[in-house]
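What you see is a predicted model; the values in this text were computed from it and never measured.
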Amino acid sequence: MSGSGGGYPSDLTDEQWVLVEPLLPAARVGPKGGRREKHPRRRIVDAIFYVVRTGCAWRQLPKDFPPWLTVYWYFTWWHDDGTVEQVHDTLRGRVREADGRNAEPSAGLIDSQSVRTAGTVPANTRGLDAGKKVKGRKRFIVTDTLGLLLAVHVVAANIQDRDGAKRSLLWTRLDHPGVQKIWADQCFAGRLVEWSCTILGRELEIVRKAPGQRGFQVQPRRWAIERTFSWLIAHRRLARDYEASPARSETMIRWAMIGLMVRRLTRGRPATRPGPRLLRRDVP
């Protein structure tokens, strides 16, 4: 049970809050000390998770959370100063270590996902993915072999995979120099493979379908990143892109992954899904 008083499924438990609280920056105060923050940090974080999980608008936050303007101010502050990335990366290292891995990975996976955008999204940040018939934005993510996020880049959906992937691969090269090999699907074949080898000094291996394959089949290696996309889409705020800025969309994705990782660190057992529930009708 959450000790913060909200009682929503997205709220952090006491054990999860212990993981997140030390990673947040100190309160902003004036040169003479200033006044204490009016709203508890825990309720601010719970409110952000509520938006990410339920997909509600900031203005529609329930009244038992701090005012939505306050929550959004913290969301932008922690986005601008890099706090969200720092919290995310620290937790990712802990998840890897808890799984018996090194904190830093040596291999990764890359893929893209096109999602529709809300009508409030600026037209110059969205486009049409002609292949998937999706008008909106495209998310490029790089994960480790556990499916944990290493890099994310959001662009207009009309950007080709071979072009849009370059920045994510570059960020991975700079932030995770230990990653020597990255697997990708056939959409990334061609010039990008040579660019990755020549410019980044890293191997980009294309995972191809088996000869004669029909329909969907789980691809070797790549299933982990497909699972990551399914994790993200389970958050309603990410099922469609509502953010005015692509950079804010990237931050929303990191918040979703933070929630997933704190649950994984505190669960203490493998994840399970509830089975189908039978509807019972009272017979008079």
Side-chain angles (χ1 to χ4, degrees), residues 105 107-117 121-176 179-211 213-233 235 238-241 243 245-254 256-257:
L109 309 150
I110 187 171
D111 205 350
S112 67
Q113 178 189 57
S114 295
V115 294
R116 300 187 186 279
T117 51
V121 172
N124 63 342
T125 66
R126 49 191 168 97
L128 176 64
D129 183 338
K132 298 180 180 177
K133 303 297 189 293
V134 173
K135 186 175 183 180
R137 286 176 176 163
K138 186 177 290 187
R139 300 164 178 163
F140 290 89
I141 67 170
V142 179
T143 72
D144 63 8
T145 54
L146 296 177
L148 303 177
L149 193 68
L150 300 180
V152 55
H153 183 45
V154 177
V155 298
N158 60 323
I159 302 297
Q160 295 295 319
D161 284 352
R162 298 182 187 91
D163 298 324
K166 289 184 176 179
R167 184 166 296 186
S168 296
L169 291 172
L170 176 59
W171 286 343
T172 302
R173 172 68 176 83
L174 296 175
D175 296 338
H176 307 280
V179 175
Q180 300 293 318
K181 186 174 185 177
I182 295 178
W183 287 278
D185 72 3
Q186 297 175 103
C187 296
F188 297 92
R191 296 189 304 271
L192 184 64
V193 176
E194 182 180 354
W195 179 87
S196 179
C197 179
T198 304
I199 304 300
L200 303 182
R202 295 296 182 265
E203 180 183 359
L204 184 67
E205 180 177 323
I206 305 301
V207 179
R208 301 186 182 277
K209 295 181 180 180
Q213 174 183 329
R214 288 189 175 184
F216 173 78
Q217 291 185 16
V218 176
Q219 298 292 320
R221 301 288 184 182
R222 293 193 59 255
W223 64 269
I225 196 168
E226 297 291 351
R227 183 182 59 178
T228 302
F229 278 130
S230 70
W231 288 343
L232 297 177
I233 290 299
H235 298 76
L238 301 179
R240 183 183 292 263
D241 198 327
E243 313 311 317
S245 164
R248 298 286 172 83
S249 297
E250 296 163 6
T251 295
M252 280 290 182
I253 291 173
R254 290 190 178 95
M257 292 301 297

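Judged purely by atom type and a 3.5 angstrom limit, K138 uses its side chain to pair as donor or acceptor with the backbone of I159. Judged by distance alone, the side chain of R227 and the main-chain N or O of L146 form a donor-acceptor pair under 3.5 Å. Under the 3.5 Å distance criterion, the side-chain polar atoms of R116 are left unmatched by any main-chain donor or acceptor of V134.
Taken to the nearest 0.5 Å, the CG atom of L148 stands 11.5 Å off from the CD1 atom of I225. Annotation: the span from R191 atom CZ to R162 atom CZ amounts to 6.5 Å, rounded to 0.5 Å. A distance of 4.0 Å separates CG of L109 from OG1 of T143, quoted to the nearest 0.5 Å. Summarising the geometry, atom OG belonging to S168 is positioned 10.5 Å from atom CG belonging to L150; distances are rounded to the nearest 0.5 Å. Here OG1 of T145 is found 7.5 Å from CH2 of W183. Values are rounded to the nearest 0.5 Å. A distance of 9.5 Å separates NZ of K166 from CG of L200, quoted to the nearest 0.5 Å.
Listed here is the closest heavy atom pair of W171 and H153: CH2-ND1, 3.7 Å. Residues V152 and R254 approach most closely at CG1-NH2, 3.6 Å, considering heavy atoms. Taking both residues in full, the closest heavy atoms of F229 and S112 are given as CZ-C, 3.7 Å, listed atom of the first, atom of the second, then distance. Minimum heavy-atom separation, M257 to T228: SD-CG2, 4.4 Å. When all heavy atoms are compared, the tightest approach of L232 to A256 is CD2-CB, 4.2 Å. What you find for G147 and W231 is that their closest heavy atoms are O-CZ3, 3.6 Å.
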Evaluate side-chain contact (heavy atoms from CB on, under 4.5 Å) for T172 paired with R202, printing each intermediate quantity in order.
-> CA-CA 10 Å; T172 302; R202 295 296 182 265; over 6 Å; no

Can you list the steps and then say if I206 with Q186 is a side-chain contact (heavy atoms from CB on, under 4.5 Å)?
-> CA-CA 6 Å; I206 305 301; Q186 297 175 103; 4.2 Å; yes

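A 4.5 Å side-chain heavy-atom check between E203 and Q180 finds every atom pair outside the cut-off. By the 4.5 Å heavy-atom criterion applied to side chains, L169 and L192 are counted as neighbours. Two residues are said to be in side-chain contact when any heavy atoms from C-beta on lie closer than 4.5 Å; S196 and I182 fail this criterion.
Checked against salt bridge (Lys or Arg N to Asp or Glu O under 4.0 Å), R139 has no partners two or more places apart in sequence or in another chain. With sequence neighbours excluded, the residues that form a salt bridge (Lys or Arg N to Asp or Glu O under 4.0 Å) with E243 are R237.
The only option from I141, L204, D161, D185 that meets the side chain to side chain contact (heavy atoms under 4.5 Å, CB included) definition with I110 turns out to be L204. Tested against S114, the residues K135, R137, K133, K132 include a single side chain to side chain contact (heavy atoms under 4.5 Å, CB included) partner, K132.
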